[in-house]
Amino acid sequence: MIGLIDFFVHFPEFLDRWGEDLWSSTIETFQMVGISLSISVVIGLPLGILLVLTRPGKSMDNRLLYLTLNIVINILRSIPFIILLFFLLPFTKLIVGTSIGVKGVILPLVFYTAPYIARLMESALLEVDKGVLEAYEAMGIKTRHIIWHVMVREAKPSIILGLTIAIIGLIGATAMAGLVAAGGLGDLAYRIGHLRYETDVMYVAIIILIVLIQGIQSIGNLLAARAKKD
């Protein structure tokens, strides 16, 4: 308790010393999450739709394609991020020219997040009432229109909640990426807070991450609730 009081008493001094680092690390975390999430959504959402449409008995029934996608996604999802991160380091350096910093961690984050989003999308679309889909199909509406104007619309609350979970998982992954000097709050907490024994920096970085996650979860819940009313 005394240590906590002492920390708040000296908090202005703490900000003078570490405020700029905390700010830049927070921005780097947003950059990593924003860029990798955008790419992962572009890849993961179509993959999720394809997983649904190519399932046995669906409109684009293709057993070979479905099994191939299913196996590849399962393999990628089975690899812990920290292992995937180190495994892809040479490939990342070959593609983007570096394996450190924000730029060097985007590729591993995409490999980690896109399959997860694909599964979340698949799960959300499979929850759509089959009766609704059959009614639209009976009216002769084309599959692509059913996908975007029926399936995605009906599954919107589940998709929003799924993406919220994906974002939170992505923030956790960016924190682990600090082990390879990727930047962000995880890197700051590890490099300064842990290695240099600046525990105050580590605690503040953790608090910022907690606040970010709580805020994102609250926004996701709110958007999902509104989507249900539409």
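Computed over heavy atoms, backbone and side chain alike; hydrogens, waters and symmetry mates excluded. Each residue takes its place number in the sequence, starting with 1.
For the pair L89/K93, no side-chain contact is recorded, criterion being any heavy-atom separation below 4.5 Å from C-beta on. The closest side-chain heavy-atom distance from I83 to P80 is below 4.5 Å. A heavy-atom distance below 4.5 Å is not found between the side chains of V110 and L37. Within the 4.5 Å cutoff, the side chain of K156 has no heavy atoms near those of the V152 side chain.
Heavy-atom minimum distance, L84 versus P108: CD2-O, 3.9 Å. For the pair Y116 and I165, the tightest heavy-atom approach, listed with the atom from each and the gap, is OH-CG2, 3.1 Å.
Listed by chain and number, the residues in a salt bridge (Lys or Arg N to Asp or Glu O under 4.0 Å) with E28 amount to none (sequence neighbours excluded). When the side chain to side chain donor-acceptor pair (under 3.5 Å) test is applied to E127, the partners found at least two apart in sequence or on another chain are S158.
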Pair I106-I39, side-chain contact (heavy atoms from CB on, under 4.5 Å): steps then yes or no: CA-CA 9 Å; I106 295 300; I39 299 172; 4.1 Å; yes

Test side-chain contact (heavy atoms from CB on, under 4.5 Å) applied to R226 and L222, step by step: CA-CA 6 Å; R226 288 184 177 179; L222 180 62; 4.2 Å; yes

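Looking only at distances, no side-chain donor or acceptor of S123 sits under 3.5 Å from a matching main-chain atom of R119.
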Per-pair distances, 0.1 Å, donor-acceptor, side chain in residues 176-193, under 3.5 Å, sequence neighbours excluded:
| residue | atom | partner | partner atom | Å |
| --- | --- | --- | --- | --- |
| D187 | OD2 | R191 | NE | 3.4 |
| D187 | OD2 | R191 | NH2 | 3.4 |

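More than 12 heavy atoms of other residues, nucleotides or ligands sit less than 6.0 Å from atom CZ of F86.
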